[in-house]
Amino acid sequence: MRVLTFNVNSIRARKEIVRDLFYYKSIDIACLQEIKTTEENFPQIHPEYKCYIHGQKQYNGVATCVRSRIEVDKVQKGFPGEEGESRFIYTQIGKWHLINIYAPLGDLYGERFHYKIRFYRRLREFVSQNFNLHKDLVVLCGDLNIAHQAIDVWDPQQWEGKVVFLPEERIEFDKLLGLGFVDILRYSTNRQIFTFYDYRGGAVYKGEGLRLDYFLVSKPVVKLTKGIEVLLNVRKRKKPTPSDHVPLIVEFRNV
DNA sequence: ATGGCCACCCGAGGTGGA
């Protein structure tokens, strides 16, 4: 089972790129973030996939697209921590529980920062109230908008005191992992790998990136993980315009 | 030589992203 997570920065602007990923990377389940549109205006990506969409006009929005032959048992669009913004969609597929997240960016200790902290607290409540991460097959993926450790930013000195790398938000990330999640990329390698490059300043050509997108998995899922793929070339392509985020694919042994 | 922000709103330029 191959699962994609990808902050598309508008699904309407990126539908061909997503379609190609579905086809060439044989994706079974796609967790998309920042679709930036409503369900009515969500484009047809591929006829053999069904998309469960939690959208809104102009901003945010998440969608989980699943191969038509895969049966989806349950869908929950939204949770209390969103506070009116579309940032959460949960799907249950057999024994698998998939949480697709677009976390708030926040600001420098203003209202949006407190919103981000509340969002993380609510997310942990959702997980701890619904799952046992030592027994259940849980995959939490998406754009978490936090660079967890110094290795996850291209220049830790430059990023000190900046949003996505503030001590308080990194502690929120620690607490999420503390529930029993394993950060699959960091588990599989100690190399520095980024999933976001700013459009400005040629960041992707200079290697000036951040790791903001993650696969966090429960303990039993770790044993079922075959590998993780980071599609930097998709970010580096020029035409059509890429997203500023990098797609990630994890392959799981199905059960 | 190369590349130097993009997409949304809508029909201009302001705003949010990170």
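Letters A, B, ... are given to chains in the order of the sequence lines, protein chains preceding strands, and every chain is numbered from 1.
The same atom, P, is picked in B:dC6 and in B:dC10; the two are 22 Å apart, to the nearest Å. The separation of B:dA18 from B:dA7, taken at their P atoms, amounts to 14 Å, rounded to a whole angstrom. Atom C1' of B:dC8 sits at a distance of 24 Å from the matching atom of B:dG3, rounded to the whole Å. Spacing of P atoms, B:dA1 relative to B:dG14, comes out at 37 Å, to the nearest Å.
Applying the 6.0 Å contact sphere to CZ of A:R253 captures more than 12 heavy atoms from other residues, nucleotides or ligands.
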Show me the donor-acceptor pairs, under 3.5 Å and distance only, between side chains in residues 220-227 of chain A and residues at least two apart or in other chains.
from	atom 1	to	atom 2	distance (Å)
A:T225	OG1	A:V221	O	2.9
A:K226	NZ	A:E251	OE2	3.4

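When heavy atoms are screened at a 4.0 angstrom cut-off, A:N60 is found touching no nucleic acid atom at all. Among the protein residues, A:F165 comes within range of no part of the nucleic acid, since none of its heavy atoms lies under 4.0 Å from any strand. Within 4.0 Å of A:N7, counting heavy atoms only, lie sugar-phosphate atoms of the nucleic acid but no base atom. Among the protein residues, A:K162 comes within range of no part of the nucleic acid, since none of its heavy atoms lies under 4.0 Å from any strand. A:D244 comes within contact range of no nucleotide atom at all, as no heavy-atom separation falls under 4.0 Å.
Not counting sequence neighbours, the partners of A:H148 by the side-chain hydrogen bond (donor to acceptor under 3.5 Å, both in side chains) test are A:D174. Applying the side-chain contact (heavy atoms from CB on, under 4.5 Å) rule to A:Y109 yields the partners A:F113, A:L166, A:P167, A:E168; only residues at least two apart in sequence or on another chain are considered. A search for side-chain hydrogen bond (donor to acceptor under 3.5 Å, both in side chains) contacts involving A:Y49 returns A:R67, not counting sequence neighbours.
Side-chain N/O atoms of A:N60 and A:E34 include no donor and acceptor closer than 3.5 Å.
Nearest-nucleotide mapping onto DNA chain B: of A:K238 and A:T241, the residue sitting toward the 5' end is A:K238. Nearest-nucleotide mapping onto DNA chain B: of A:S10 and A:H245, the residue sitting toward the 5' end is A:S10.
Applying the disulfide bond (SG atoms under 2.5 Å apart) test to pairs two or more places apart or on separate chains, those with a residue in residues 52-121 of chain A are A:C51-A:C65.
Nucleotides of DNA chain B that come within less than 4.0 Å of any heavy atom of chain A span, from the 5' end to the 3' end, B:dG3 to B:dA18.
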